[in-house]
Protein chains: 2
Amino acid sequence: MATRKLNSTYSRNEQCMIGCDLTFAISMLGGRWKLLILDKLAQRKMRFSELKKEFSYITERMLTLQLKAMEQDGLITRTVYAEVPPRVEYELTDMARELEPILNQLSSWGNRQRRLTRQQV
Amino acid sequence: MATRKLNSTYSRNEQCMIGCDLTFAISMLGGRWKLLILDKLAQRKMRFSELKKEFSYITERMLTLQLKAMEQDGLITRTVYAEVPPRVEYELTDMARELEPILNQLSSWGNRQRRLTRQQV
DNA sequence: TGTGGTACATACAAACATGTAAGTAATGGC
DNA sequence: GCCATTACTTACATGTTTGTATGTACCACA
């Protein structure tokens, strides 16, 4: 996402893992808000301001950054309408929709796993 | 993993997302080396030093941290043998093994997605 | 007495992610 | 002219993760 300096182990690690499709996929979902955004947009396309209202805690800056990253990653499309005040709509791509069933499985795994680890504590 | 300070939005966000099984699951896999470790241990149980050899770039500190986190998350078990020099073996739990098919799907999605975004660039 | 191997731990520093606060452009309505 | 609305942007501060370097306990073996 951000430009990364070319020094030392940080970038070497990146080279080493860049070949892994799984790491590639997970890194797209790792942002602090991306899964929530994905979830909301799965229901319907939404404007910037609508998304902002949905997550009362997110700041405009973070929303902008995460949406931009998700657009670059091919998870969402961004449509600008030349109006004033401006209107911008965000929508899931087909690829992002293909994620849904997989993420549902992960979610149900997470639920089971959570019950287990709770018991031990 | 690390102790987190209780101020401001950081922890509020955490509260807000802590109810999400999917976020819970993804956060277990997000570490820089966890997926690789998971992948190696899927083949067979391994000693600390064996894992170290497998990933030539990882530092001992990072390996320790990630293994500790994965143990706490119930992904692996840690068995210590009272010998000198010490011997410690790491092994996947049943829950971690249930992840495999899901992660395979994610990986193949990542592969397709990567081809797509490559084409656009 | 000294060296070697294993599986860590600790102190410190760099890189990265996120948050806070404030500002911008465009224009329709008052 | 002034204000409001929308979707951002910028500068700066804080929090979190990862990396570097070094040290430690244990005891067998030379």
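These figures come from a predicted structure and were not determined experimentally. Sequence lines set the chain letters: A, B, ... in the order given, protein chains first and strands last, and positions in each chain run from 1. Only heavy atoms go into these numbers, but all of them, side chains included; no hydrogens, no water, no symmetry mates.
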Protein and nucleotides 3-13 of chain C: nitrogen or oxygen contacts under 3.5 angstrom:
residue: dT6(C); atom: O3'; partner: R47(B); partner atom: NH2; Å: 3.1
residue: dT6(C); atom: O3'; partner: P86(B); partner atom: O; Å: 2.9
residue: dA7(C); atom: OP1; partner: R47(B); partner atom: NE; Å: 3.1
residue: dA7(C); atom: OP1; partner: R47(B); partner atom: NH2; Å: 3.0
residue: dA7(C); atom: OP1; partner: V88(B); partner atom: N; Å: 3.3
residue: dA7(C); atom: OP2; partner: S49(B); partner atom: N; Å: 2.9
residue: dA7(C); atom: OP2; partner: S49(B); partner atom: OG; Å: 2.9
residue: dC8(C); atom: OP1; partner: R78(B); partner atom: NE; Å: 3.4
residue: dC8(C); atom: OP1; partner: R78(B); partner atom: NH2; Å: 2.4
residue: dC8(C); atom: OP2; partner: Y90(B); partner atom: OH; Å: 2.6
residue: dC8(C); atom: N4; partner: E60(B); partner atom: OE1; Å: 2.2
residue: dA9(C); atom: OP2; partner: K68(B); partner atom: NZ; Å: 3.3

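The interatomic distance linking W33(A) (CH2) with dT18(C) (P) rounds to 10 Å, in whole Å.
Using modelled atom types, one side-chain atom of S27(B) and one backbone atom of T23(B) make a donor-acceptor pair closer than 3.5 Å. The backbone N or O of E60(B) sits less than 3.5 Å from a side-chain atom of T64(B), completing a donor-acceptor pair. The backbone N or O of L67(B) sits nowhere less than 3.5 Å from a side-chain atom of W33(B) that would complete a donor-acceptor pair. Using modelled atom types, one side-chain atom of T93(A) and one backbone atom of G74(A) make a donor-acceptor pair closer than 3.5 Å.
Applying the side-chain hydrogen bond (donor to acceptor under 3.5 Å, both in side chains) test to residues at least two apart or on different chains, the pairs with a partner in residues 76-86 of chain A are R78(A)-Y90(A), Y81(A)-E89(A), E83(A)-R87(A).
Remark: K53(B) pairs with no residue by the salt bridge (Lys or Arg N to Asp or Glu O under 4.0 Å) rule, at least two apart or across chains. With sequence neighbours left out, K68(B) forms a salt bridge (Lys or Arg N to Asp or Glu O under 4.0 Å) with no residue at all. In terms of the side-chain hydrogen bond (donor to acceptor under 3.5 Å, both in side chains) criterion, E100(A) has no residue partners (sequence neighbours excluded).
The side chain of Q66(A) places an N or O atom within less than 4.0 Å of a non-bridging phosphate oxygen (OP1 or OP2) of dT18(C).
Overall bending of the helix from dT1(C)-dA30(D) to dC30(C)-dG1(D), expressed as the angle between end axes built from five pairs apiece, is 30° (10° steps).
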